[in-house]
Amino acid sequence: MVEELVGVVAAVGAGALVYVASAARVVKQYERGVVFRLGRLHGDVRRPGFNLVIPAVDRMRKVNLQIVTMPIPAQEGITRDNVTVRVDAVVYFKVVDPSAAIVNVEDYRFAVSQMAQTSLRSIIGKSELDDLLSNREKLNQGLELMIDSPAVEWGVTIDRVEIKDVSLPDTMKRSMARQAEADRERRARLINADAEYQASKKLAQAARQMADTPSALQLRLLQTVMAVAAEKNSTLVLPIPVELLRFLERGAQPAAESAGQPQDAGQPQDAGQPQDAGEAEGAGEAEGASRAQPTDPAEPTDRAAIEERAADLTEQRAVDLTEQAGEAMERLRRAVEQ
C-alpha cells in the first residue's frame, strides 16, 4: 500500500514537473511577450521574468524592443536637375507596441525596409544634386517623416534616418572638380589683386615720404646693399648713387644758362620799350660804321669772355662734384665693411 502511494505521488510529481517545464516561459529584459490563446490575443503583454502559459492552448511570441539598425540598399534615381545618382542610407527604429507589431503587420522589419527604400527613391526624385550633397539634414528629416507615418500603425517608431553616401557618375565628378578649381582660382586672383592694391597704396605713401626727405632714399640704398652683402656667396654690383647724378645735373644747368646768354648781365636791354626815330637812325649809323671798320682779332669779344667764364665754372663744379662723389663712395665702402 505504501509503495503504491509512493508511486502515485512520484507520478504526480513527475507530471507536475513536466507541466511546469512545458508551461514555463522566460522573457528577457529587452523583450516583451505577446500571448495568443486559441489564436486570440490574450491579456496584456507579459513583462520580463518568469511567466507561465497553458501548454497546447497558449502560444507566446517574444518581441525585441531594442533599437534596430537597418541599412537601406543603394537606390539609383534621377534628381530634379536630371543627374543620375546612387544613394544609400541607414534607418534606426524600435518597437513601442509589441501587440501591434505582431498583429497589424506580418513582418515589421521587412515592411520598414521596403518603406525606407521607396521613400529614399522619392526623396531623390524631389531633390536637387546640391541638396543631396550639402543639405542632408533637411533631407534626413523629410525621409524620417515619410517612413514614420505608416510605421506608427505597425507599433514601430523611427528614431532617425541618415543618408550615408551619394555616388556620382565620373563625368559629373570631373565637372564638379573643374568648377571647384575655377572657383578657387577666382578667389586666389581676387585676393592677389587686393594685396597688390594695398601694396601699391603703401608704396605710394613711401614714395611721397622719400620725396620729402631725399636722404631716406640713400639710407634705403645702403640698407639694401648691407642686406645683399650679408650673403657670402653673392656678387654685389654697386650702382651709381642717385645723388651724384643729381649733383651733375644741377652743375650742368648753371653752365648751360651762362653759356646761352647773348649779352653781359651788367648791360640789360629792354626789348619791350620803343625807340625814337633819332635814336634809331643813330643806332643804324653806328651799326654801319662798326661794320665798315675792321675788327681787331686780338681784342676779345663779349661772347668769348662769357664762354671762357662758363668753362671755368664748369671745370670748378666738376672738381667739386668729383670730390663729393669720392667722399660718398668712401662712406658707402665703410658702411658695407661694417
Side-chain angles (χ1 to χ4, degrees), residues 23-54 57-80 85-168:
R25 298 290 187 272
V26 177
V27 179
K28 297 180 181 179
Q29 182 65 36
Y30 55 85
E31 294 177 340
R32 295 296 183 268
V34 180
V35 178
F36 292 91
R37 178 168 292 177
L38 298 177
R40 297 181 62 181
L41 184 64
H42 175 71
D44 297 334
V45 177
R46 299 298 176 91
R47 308 293 297 177
F50 183 79
N51 294 273
L52 292 175
V53 296
I54 300 175
V57 177
D58 294 342
R59 186 169 59 90
M60 178 183 289
R61 292 188 60 179
K62 298 177 182 179
V63 180
N64 193 338
L65 301 184
Q66 291 178 321
I67 295 178
V68 180
T69 302
M70 178 180 292
I72 303 176
Q75 302 297 313
E76 185 173 355
I78 301 176
T79 61
R80 192 163 59 179
V85 295
R86 290 176 59 87
V87 182
D88 57 350
V90 59
V91 180
Y92 301 89
F93 68 94
K94 65 179 179 179
V95 177
V96 294
D97 189 354
S99 299
I102 297 299
V103 175
N104 295 343
V105 63
E106 180 181 2
D107 187 354
Y108 64 90
R109 290 175 178 266
F110 182 75
V112 171
S113 175
Q114 295 300 314
M115 180 57 65
Q117 296 179 31
T118 305
S119 301
L120 183 58
R121 284 194 294 267
S122 178
I123 285 292
I124 293 174
K126 294 179 181 179
S127 305
E128 295 183 356
L129 180 60
D130 294 338
D131 295 335
L132 290 174
L133 297 176
S134 61
N135 195 10
R136 292 190 179 182
E137 294 182 359
K138 184 178 179 181
L139 297 179
N140 292 337
Q141 294 176 1
L143 188 59
E144 178 182 351
L145 183 61
M146 293 178 65
I147 302 174
D148 190 57
S149 297
V152 173
E153 300 179 359
W154 304 336
V156 177
T157 180
I158 305 300
D159 188 63
R160 63 185 304 176
V161 181
E162 293 289 341
I163 295 177
K164 293 173 57 178
D165 188 21
V166 178
S167 300
L168 300 175

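Just so you know, residue 1 is the first one in the sequence shown, and it goes up from there. Just so it is clear, the values below take in all heavy atoms, side chains as well, and ignore hydrogens, waters and symmetry mates.
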Less than 4.5 Å apart, any side-chain heavy atom of Val90 and any of Thr69?
-> yes

So, for Ile72 and Asp88, which heavy atoms are closest and what is the spacing to 0.1 Å?
-> O-CB, 3.6 Å

Heavy-atom check, side chain of Val35 versus side chain of Met60, under 4.5 Å = yes

Between Val166 and Arg136, what is the shortest heavy-atom contact and its length?
-> CG2-NH2, 3.6 Å

Show your working on side-chain contact (heavy atoms from CB on, under 4.5 Å) between Val112 and Arg109 and close with a plain yes or no.
-> CA-CA 5 Å; Val112 171; Arg109 290 175 178 266; over 6 Å; no

Around atom CZ of Phe50, are there more than 12 heavy atoms of other residues, nucleotides or ligands at under 6.0 Å?
-> yes

Hey, does Phe36 have a side-chain heavy atom less than 4.5 Å from the side chain of Leu41?
-> yes

Quick one: does Asp131's side chain get under 4.5 Å of Lys138's, heavy atoms only?
-> no

Please report the C-alpha distance between Ile163 and Asn140 in whole Å, then the side-chain angles of each, then the deciding distance to 0.1 Å, and finally whether the side-chain contact (heavy atoms from CB on, under 4.5 Å) criterion is met.
-> CA-CA 7 Å; Ile163 295 177; Asn140 292 337; 3.3 Å; yes

Is any side-chain heavy atom of Leu168 closer than 4.5 Å to a side-chain heavy atom of Leu129?
-> yes

Side chain to side chain, Phe93 and Ile147, heavy atoms closer than 4.5 Å = no

Give the intermediate values and the outcome of side-chain contact (heavy atoms from CB on, under 4.5 Å) for residues Arg46 and Val53.
-> CA-CA 10 Å; Arg46 299 298 176 91; Val53 296; 4.0 Å; yes

Of all heavy-atom pairs between Pro73 and Gln117, which one has the smallest distance, and what is that distance?
-> CD-NE2, 3.6 Å

Identify the heavy atoms of Ser122 and Met146 that sit nearest to each other, and give their distance.
-> OG-CE, 3.7 Å

Please examine the side chains of Arg32 and Leu65, heavy atoms only from C-beta on, and report whether any two atoms are closer than 4.5 Å.
-> yes

Roughly how far, to the nearest 0.5 Å, is NE2 of His42 from CZ of Arg59?
-> 14.5 Å

Let me see the working for Val95 and Asn64 under side-chain contact (heavy atoms from CB on, under 4.5 Å), right down to the final yes or no.
-> CA-CA 7 Å; Val95 177; Asn64 193 338; over 6 Å; no

Return the minimal non-hydrogen interatomic distance between Arg86 and Glu76, and the atom names on each side.
-> NH1-OE1, 3.5 Å

Minimum heavy-atom distance Ser99-Val34, with the two atoms named = N-CG2, 4.2 Å

Is Thr79 close to Glu128 at the side-chain level, that is, under 4.5 Å between some pair of heavy atoms?
-> no

